[in-house]
Every structure is written in structure tokens, then in C-alpha cells.
Amino acid sequence: MTAGLVAGPSFSVFAEGPALADAQRAFFNARYQTAADLALALQAVDADALAPYEVRTSALHFQLRDALGPQPDKDQAFKMCVACPELLKAFLADTKKGQVIARTRLEVDPGDDDALFFLGKLNLNYVWLQIETLGRKTGWSEYWEARRSLDAALKDNPRHMRARVARAWVDYIVDTKMTRGTRWILGGGSKKRAFIGAREAAGSDSDFFVHAEAEFALWEMLVRDRQLPEATTIAQRLARDFPENHKLATFLKNSPAANP
């Protein structure tokens, strides 16, 4: 792991108060409805704060993904899912609101690192929900806006660890989920570069939840890539910080590396 990269104060977004920390902790403990509800309450307190929109859309996405289950026919799974239409409606509404806030801030200050990151992250949440969770081939304008805004945030501040993690996901998904022709159209991806970025972020000296996000990202990439020994080590570390996360518990229960 790479040590010594300290996250700058402009993007320590989890320092806005205990309520936001509560929402983030609920999210990382896989209590997605609680996280979504707490984030919604935060929006009522400060309608222009971007962090609650990012937390809420992430939580709503994961609720939707869990509700759909592992069925390969995603259209049929959505039709059979009672909760999914309302979850999707709420996700789309909050995504739109957050995008408007971020874009308005960027009109005033094009170099606003937080606005650049959150616009990119909100757009990525939308793209991954459409493409991977729902299996729909849409969201390309959001993809390009996400890629541009994340690259701009990292150009201005290479130590923006949340942007680095989000950009690593772009590289990973484009490289592993898209055909060669589509990868070229989407500007290319690199699984190798994704792992480098995720490992650098996970090894940085960052805010607690920023570091947790990086470790969860690296863990999921490793699981997808079947690098189970390293994934198990990270899962064991995360499970100590987030003992309520049933997904970590299930992974560790079934991991050969954790049960020699």
C-alpha cells in the first residue's frame, strides 16, 4: 500500500457533522434504507449540500440492486420487483437535484473540486445503475460528463482520493464490462490502472470514511477479479470497522482464504 498521501481539506466531505457520518456509517454497514433516510433528512437541513445527495443516491442504488437479486433477466426482475419502481423514481429525482446543484456551483466557480467530484460521482451512480444494475444501454452523456469532471478534479488536485476511487471504477468497468469497440468509443479503460488507483487511495492517510470507501472499492474489484486472498484480508479489516455489514460476513463465511 502507498502511504503518506493526505487528503486535502477541500474534499473531506464527511466532516460536515455527525448526522452525515451516521448516514455514511449506515451505508458502509449495508443498512441502505437507514442511510437513504438519514441523507434525506440532511437535505431538509441544507438543500444545497451535495454530500447528502451522493450518499442517498448510492444507498438507493444499492437498495434497488439488492431488491432485484441475481436474476440474469434484469427487465423481468424489475417487472417482478414491487419496491423497485419507487426506488428508481427516488434515485432519479435525487440525481437530478444533485446534478443541478453541482452544475450551478460550477457556473460560479469552474474549479470547485467538490462540485466537480460530486457531479462526476452522481453521474457515475446513474450510469452504473442503468448499465450494470438494470442492463439498459443508456447514460452516455452522463458518462462523459462524469469522466470530464473527475479528470478535472484530479488535474487540479491529484490527492482527491474520492475522485481517484471513482475514476478507478471508470477504468475497471470500461475495461472489464465493455466490448473492444465500445471501450474505444468510451475513451478506453484499464483494469491495471484501476487497481493502481484503488490501491493508492486505500493506502492513503485519509478521512476515516474516505479510506473506507477506497477499501470497499478495492475489495469489490478484487472479488470480481477472483483475487480472493487479498480480498479476504481487506474484508476482515473492513468487518472490524463495520460489523453489521452482512455482505462482508457472508463473503468471509464462504471465503476459502478465511476458512483454511
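All values derive from a computational prediction rather than experimental measurement.
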Between side-chain atoms of residues 71-81 and protein atoms elsewhere (two or more places apart, or another chain), which donor-acceptor pairs fall under 3.5 Å?
from: D73; atom 1: OD1; to: D75; atom 2: N; distance (Å): 3.4
from: D73; atom 1: OD1; to: Q76; atom 2: N; distance (Å): 3.1
from: K74; atom 1: NZ; to: E132; atom 2: O; distance (Å): 3.2

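- Listed here is the closest heavy atom pair of Y126 and G139: CE2-CA, 3.7 Å.
- Taking the side chain as every heavy atom from C-beta outward, L64 and L129 approach each other to under 4.5 Å.
- We find that R199 and E230 are joined by a salt bridge, their nearest charged nitrogen and carboxylate oxygen being less than 4.0 Å apart.
- Judged purely by atom type and a 3.5 angstrom limit, R237 has no side-chain atom pairing as donor or acceptor with the backbone of E215.
- A donor-acceptor distance shorter than 3.5 angstrom exists from the side chain of T250 to the backbone of H246, with no hydrogens or angles considered.
- You'll find the side chain of Q130 stays beyond 4.5 Å of the side chain of K137, heavy atoms only.
- Within the 4.5 Å cutoff, the side chain of L134 has no heavy atoms near those of the W128 side chain.
- What you find for S149 and L119 is that their closest heavy atoms are OG-C, 4.1 Å.
- In this structure, L87 CG and Y32 OH are separated by 13.0 Å, a value rounded to the nearest 0.5 Å.
- No side-chain heavy atom of V210 sits less than 4.5 Å from a side-chain heavy atom of Q24.
- Under the 3.5 Å distance criterion, the side-chain polar atoms of D46 are matched with a main-chain donor or acceptor of D48.
- Looking at heavy atoms from C-beta onward, P52 lies out of side-chain contact with L40 at the 4.5 angstrom threshold.
- Counting only heavy atoms from C-beta outward, the side chains of E86 and F91 never approach each other to under 4.5 Å.
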Compile the donor-acceptor pairs under 3.5 Å between side chains in residues 96-110 and protein atoms, sequence neighbours left out, one pair per line.
from: Q99; atom 1: NE2; to: N123; atom 2: OD1; distance (Å): 2.6
from: R103; atom 1: NE; to: E145; atom 2: OE2; distance (Å): 3.1
from: R103; atom 1: NH2; to: E145; atom 2: OE1; distance (Å): 2.7
from: T104; atom 1: OG1; to: V100; atom 2: O; distance (Å): 2.7
from: R105; atom 1: NE; to: D112; atom 2: OD2; distance (Å): 3.0
from: R105; atom 1: NH2; to: D112; atom 2: OD1; distance (Å): 3.2
from: R105; atom 1: NH2; to: D112; atom 2: OD2; distance (Å): 3.0
from: D109; atom 1: OD1; to: G111; atom 2: N; distance (Å): 3.1

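- Put simply, the side chain of L38 does not reach to within 4.5 Å of the side chain of L42, judged on heavy atoms.
- Annotation: side chain of R193 is not in contact with side chain of Y172 (no heavy-atom distance under 4.5 Å).
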Show every donor-acceptor pair shorter than 3.5 Å between a side-chain atom in residues 55-62 and any protein atom, with sequence neighbours excluded, or say none if there are none.
from: R56; atom 1: NE; to: D94; atom 2: OD2; distance (Å): 3.1
from: R56; atom 1: NH1; to: A36; atom 2: O; distance (Å): 3.0
from: T57; atom 1: OG1; to: Y53; atom 2: O; distance (Å): 2.9
from: T57; atom 1: OG1; to: E54; atom 2: O; distance (Å): 3.2
from: T57; atom 1: OG1; to: N125; atom 2: ND2; distance (Å): 3.1
from: S58; atom 1: OG; to: E54; atom 2: O; distance (Å): 2.9
from: S58; atom 1: OG; to: E54; atom 2: OE2; distance (Å): 3.3
from: S58; atom 1: OG; to: K121; atom 2: NZ; distance (Å): 3.3
from: S58; atom 1: OG; to: N125; atom 2: ND2; distance (Å): 3.2
from: H61; atom 1: NE2; to: T133; atom 2: OG1; distance (Å): 2.6

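- For the pair D171 and K191, the salt-bridge criterion is not met [side-chain N within less than 4.0 Å of a carboxylate O].
- D207 has no carboxylate O lying under 4.0 Å from a charged side-chain N of R162, or vice versa, which leaves the two without a salt bridge.
- A distance of 12.0 Å separates NE2 of H160 from OG of S204, quoted to the nearest 0.5 Å.
- At a threshold of 4.5 Å between side-chain heavy atoms, the hydrophobic network of Ile, Leu, Val, Met, Phe, Trp and Tyr places F195 and F216 in one connected group.
- Contact detail for L150 and G120: the closest heavy-atom pair is CG-CA, 4.1 Å.
- To the nearest 0.5 angstrom, R31 atom CZ is 11.0 Å from F242 atom CZ.
- To the nearest 0.5 Å, the span separating CE on M161 from CG on L154 amounts to 8.5 Å.
- Distance CZ/F117 to CG/N157: 12.0 Å, rounded to 0.5 Å.
- Put simply, the side chain of N29 gets close to the backbone of R25: a donor and an acceptor are under 3.5 Å apart.
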>> Go through it in stages, so that I can follow the logic: the residues are F28 and D241, the test is side chain to side chain contact (heavy atoms under 4.5 Å, CB included), and I'd like the CA-CA distance, side-chain angles, deciding distance and then a yes or no.
In response: CA-CA 9 Å; F28 286 128; D241 289 328; over 6 Å; no
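- A distance of 8.0 Å separates CZ in F27 from CD in E213, rounded to the nearest 0.5 Å.
- Between A153 and A163, the closest heavy-atom pair is CB-CB, 4.4 Å.
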